[in-house]
Protein chains: 2
Amino acid sequence: MTNKTDERVPVNQILEGDCIERLRNLPDNSIDLIFADPPYFMQTDGILLRNNGTKFEGVEDEWDKFADYKEYDEFCSNWLKECRRILKPKGAIWVIGSFQNIYRLGYIMQNLGFWILNDVIWSKPNAPPNFKGTRFQNSHETLLWCSKSKNSGYTFNYKTMKQENGGKQDSSVWNIGICIGQERLKGEDGKKVHSTQKPEKLLYKIILSSTKPNDIVLDPFFGTGTTGAVAKKLGRNFIGIEREEKYIQEAKKRIDNTNQEKNELYNLGLEEKPPKISTYDLILKNKLIPNEIFYNSKGEEICKILKNGKVSDGIDELSIHDMPEKFIGRRMNGWEWFFVKRDGKLKSINDFRYEVKYEREN
Amino acid sequence: MTNKTDERVPVNQILEGDCIERLRNLPDNSIDLIFADPPYFMQTDGILLRNNGTKFEGVEDEWDKFADYKEYDEFCSNWLKECRRILKPKGAIWVIGSFQNIYRLGYIMQNLGFWILNDVIWSKPNAPPNFKGTRFQNSHETLLWCSKSKNSGYTFNYKTMKQENGGKQDSSVWNIGICIGQERLKGEDGKKVHSTQKPEKLLYKIILSSTKPNDIVLDPFFGTGTTGAVAKKLGRNFIGIEREEKYIQEAKKRIDNTNQEKNELYNLGLEEKPPKISTYDLILKNKLIPNEIFYNSKGEEICKILKNGKVSDGIDELSIHDMPEKFIGRRMNGWEWFFVKRDGKLKSINDFRYEVKYEREN
DNA sequence: CATTGATATGAATCCTACG
DNA sequence: ACGTAGGATTCATATCAAT
């Protein structure tokens with residue numbers, strides 16, 4: 001099943017030119033996810049030497065220069081407004097920054113109506129040290145994940161991320177190394193192509209957590225196309241916007257050499273909701289027997305199932321979700337709380353819903 | 001040696017009443033460090049809560065004063081302005097918040113002229129989970145450490161923090177558990193006094209890293225006085241501002257039951273600079289002999305020391321810091337780079353400075 | 001081939017006291 | 001305020017040469 005496509009939305013392409021102009025050409029409500037890695041406005045001056053006397057090559061690019069906060073704020077306000085316009089109602093945006101700019105971005109985004117879902121910390125185990133010993137080593141960057149507005153929906157593939165995190169709920173602090181080694185794109189001179197290339201693992205978590213297959217992921221500061229490469233691997237569509245020809249060529253080459261990866265996880269099978277089949281349906285299908293006993297997970301007799309699908313403890317006739325409250329003081333998901341006996345063993349009543357679903361489909 | 005005290009500054013007391021009013025009564029340029037744990041703005045229900053979960057009482061009966069970002073921003077702008085006014089020229093401020101409010105705070109602080117030195121992540125290994133599985137577990141809070149302005153000085157006890165961090169430069173991500181167990185204040189009913197009391201370890205790192213002994217640490221949202229208790233332990237002075245009588249009583253009791261801890265680390269011996277004794281002084285003291293050879297650490301002959309304290313390689317007469325550039329291409333700390341021979345063994349010229357210092361003091 | 005050591009480098013608001 | 005001289009300062013990882 002593919003998403004509906006809007007012919008005005010040019011997917012899997014890099015749009016060359018000014019970020020704000022290109023955004024203005026995109027239609028309202030057409031993008032599922034935006035990842036934006038804008039200039040940070042680092043405000044460094046002079047040169048920084050390592051303790052061994054070599055020069056640290058930070059960001060000296062023209063694209064990171066702004067006159068003052070006012071000019072930077074205006075620039076960001078403009079591209080963020082366009083981003084919000086083109087997002088689908090249930091779309092979301094991720095923005096990355098560091099302490100130099102992230103407080104500008106967060107403030108502006110809240111004022112524009114974006115709703116922060118999480119701020120995520122990219123903790124870098126291999127960040128450069130503070131050579132001069134003047135502050136704490138700056139070993140993280142910050143990501144803002146926002147829905148379009150306070151009450152708008154959004155995609156979050158909770159179970160998929162839990163699985164990826166070793167079975168534990170994924171948290172707002174991500175430990176990911178900076179992009180070095182083979183992954184770091186280098187030119188013929190052996191120097192890094194882009195001064196701030198992001199690691200694919202970062203984009204992997206972003207895209208996997210908050211898109212569905214075939215969604216459209218837009219990156220208004222595409223650079224060397226990490227967003228495009230990861231989107232392609234995961235079976236999502238991308239749109240890149242980039243001004244500099246040098247980066248565009250590298251990105252095209254990179255994405256052409258990237259293939260979609262076969263991995264069932266990316267199709268979000270873990271996110272599938274249980275089949276909508278009621279206890280009454282299970283009785284009609286002869287999965288549950290009217291008046292048979294419902295047990296809890298410890299094998300204690302709790303109540304019996306009635307032929308109308310409700311359960312009774314001899315006093316009250318309640319839904320399977322309300323009955324647990326009489327025993328443990330709060331409502332529960334009855335599908336996971338109740339068991340019946342089959343061949344002398346406890347069997348979750350939830351299993352029967354999947355059996356019926358399977359039988360229907362085969 | 002104690003710091004100069006300003007009689008208008010009431011140290012080691014809790015000032016009862018409205019935060020901004022109390023701040024207004026403090027003199028300009030009188031405080032070394034501020035730690036602020038301000039109310040944060042919960043837009044979900046329109047109620048303003050402290051990070052410790054207690055309701056924040058603004059100006060009497062004006063709850064809706066904080067009904068939107070604008071009013072919250074004004075409140076923060078007001079107390080932050082006062083904080084900046086009362087800070088000494090080389091003073092600094094730490095502010096803690098979460099994603100709901102930290103972007104307001106950071107933006108306002110930058111606009112007021114505060115200069116961010118680091119944003120520090122308090123990563124909580126035992127944070128409560130996201131019960132509904134709707135987002136990433138929010139497992140961190142953010143601290144902003146700022147100097148009064150871009151070029152103002154500040155205190156950073158680099159070597160002390162490096163020592164505390166197992167010999168490695170301390171970083172901007174701090175892994176500290178939330179406050180539980182014995183440390184957690186509980187009322188007579190056995191219930192916690194605060195829902196999210198700050199751990200002492202957090203304040204310990206803040207105060208130890210950025211104050212000197214006897215400095216004055218002000219907390220305008222004092223609560224139950226974690227800042228005061230840790231300041232006392234470390235041999236620093238505190239000033240608390242708190243509006244609620246209940247918390248003032250708890251804080252007083254707590255601080256009275258706290259004692260200054262004896263630990264040489266807190267006196268910042270590690271931060272001491274080498275004695276200011278020149279090579280010329282060492283010649284006068286007969287530690288160095290005019291025209292003797294200076295070696296590098298490999299025992300190679302580099303130059304000779306002249307009677308005026310400069311060194312000469314037969315061509316140039318330079319300082320001990322400039323001479324290494326002729327041999328390895330960059331300036332070095334000559335005190336650590338040069339050696340002389342005594343009893344046939346290499347001896348660092350730096351050792352002589354400590355010898356002279358010791359002889360002077362005894 | 002495995003191991004060791006030297007070298008290179010990464011979004012950086014990176015010195016400070018004194019005259 | 002500004003210039004100058006003194007002198008303090010680095011972590012993880014990849015690569016490559018040497019053993």
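Within every chain, numbering begins at 1; the chains are lettered A, B, ... in the order of the sequence lines, protein sequences first and strands thereafter.
- For the pair A:Asn51 CG and C:dT9 P, the computed distance is 16 Å after rounding to whole Å.
- The base of C:dA11 sits with one of its N or O atoms less than 3.5 Å from a complementary donor or acceptor on the side chain of A:Asp37.
- For A:Leu185 and C:dA11, the CG to P distance is 13 Å, given to the nearest whole Å.
- Using a 4.0 Å heavy-atom cutoff across all strands shown, B:Lys162 reaches sugar-phosphate atoms only and no base atom.
- Taking the P atom of each, D:dT9 and C:dA17 are spaced 13 Å apart, rounded to whole Å.
- Residues A:Glu183 and A:Lys201 are not paired through a salt bridge, judged by the lack of any N-O separation under 4.0 Å between the basic side chain and the carboxylate.
- Side-chain nitrogen and oxygen atoms of A:Asn130 include none within less than 4.0 Å of the OP1 or OP2 phosphate oxygen of C:dC14.
- Electrostatic pairing of A:Lys233 and A:Glu200 counts as a salt bridge here, judged by a charged N lying under 4.0 Å from a carboxylate O.
- Annotation: cation-pi pair B:Arg353/B:Trp335 present, NZ/CZ under 6.0 Å from the ring centroid and within 45° of its normal.
- The side chain of A:Gln182 places an N or O atom within less than 4.0 Å of a non-bridging phosphate oxygen (OP1 or OP2) of D:dT15.
- Both geometric conditions, a ring-centre gap below 5.5 Å and a plane tilt below 30°, are fulfilled for B:Trp115 over the base of C:dT13.
- Computed from coordinates, the B:Asn151 CG to C:dA17 P distance equals 14 Å when rounded to whole Å.
- Comparing the same atom, P, in C:dC18 and in D:dA8 gives a spacing of 14 Å after rounding to whole Å.
- The pair A:Lys246-A:Glu250 fails the salt-bridge criterion, with no side-chain N (NZ, NE, NH1 or NH2) lying under 4.0 Å from an Asp/Glu carboxylate O.
- Base pairing of D:dT10: no nucleotide in any strand meets the Watson-Crick or G-U wobble criterion (both distances under 3.5 Å).
- A donor and an acceptor atom never sit less than 3.5 Å apart when one is taken from the side chain of A:Arg184 and the other from the base of D:dT13.
- Note on A:Ser195: only backbone sugar-phosphate atoms sit closer than 4.0 angstrom, heavy atoms only; bases stay farther off.
- Pairing for C:dA12 is absent, with no Watson-Crick or G-U wobble pair whose two atom distances lie under 3.5 Å.
- Among the atoms of the strands shown, none is found under 4.0 Å from any heavy atom of B:Tyr280.
- Among B:Trp145, B:Tyr154, B:Phe35, the single residue meeting the ring pair (Phe, Tyr, Trp, His ring centres under 6.0 Å) criterion with B:Trp94 is B:Trp145.
- Look at the C1' atom in both D:dT19 and C:dC1: the space between them is 12 Å, to the nearest Å.
- Atom CG of A:Asn101 is separated from atom C1' of C:dA11 by 9 Å (rounded to the nearest Å).
- B:Arg342 has no carboxylate O lying under 4.0 Å from a charged side-chain N of B:Glu355, or vice versa, which leaves the two without a salt bridge.
- When rounded to the nearest whole Å, the span between NZ of B:Lys150 and P of D:dA1 equals 15 Å.
- As rounded to the nearest Å, C:dC14 and D:dA12 have P atoms that lie 22 Å from one another.
- A:His194 places its NE2 atom 13 Å from the P atom of C:dG10, with the value rounded to the nearest Å.
- Using a 5.5 Å limit on the distance between ring centres and a 30° limit on the angle between planes, the aromatic ring of A:Tyr40 counts as stacked on the six-membered base ring of C:dA11.
- Taking atom P in both C:dT16 and D:dT10, one finds a spacing of 14 Å when rounded to whole Å.
- Under the 90° criterion around 0 for the glycosidic angle, C:dT13 counts as syn.
- When each of A:Ile180 and A:Asn52 is assigned the nucleotide of DNA chain D bearing its nearest heavy atom, the one mapping closer to the 5' terminus is A:Asn52.
- Between B:Lys276 and A:Lys124, the residue whose closest nucleotide on DNA chain C is further toward the 5' end is A:Lys124.
- Base pairing of D:dA17: its partner is C:dT4, meeting the Watson-Crick or G-U wobble criterion (both donor-acceptor distances under 3.5 Å).
- Nucleic acid contact class of B:Gly334 (heavy atoms, under 4.0 Å, all strands): none.
- Atom CD of B:Glu336 is separated from atom C1' of D:dT9 by 9 Å (rounded to the nearest Å).
- A salt bridge is defined here as a Lys NZ or Arg NE, NH1 or NH2 lying under 4.0 Å from an Asp or Glu carboxylate O, and B:Arg236 with B:Asp215 fails to meet this definition.
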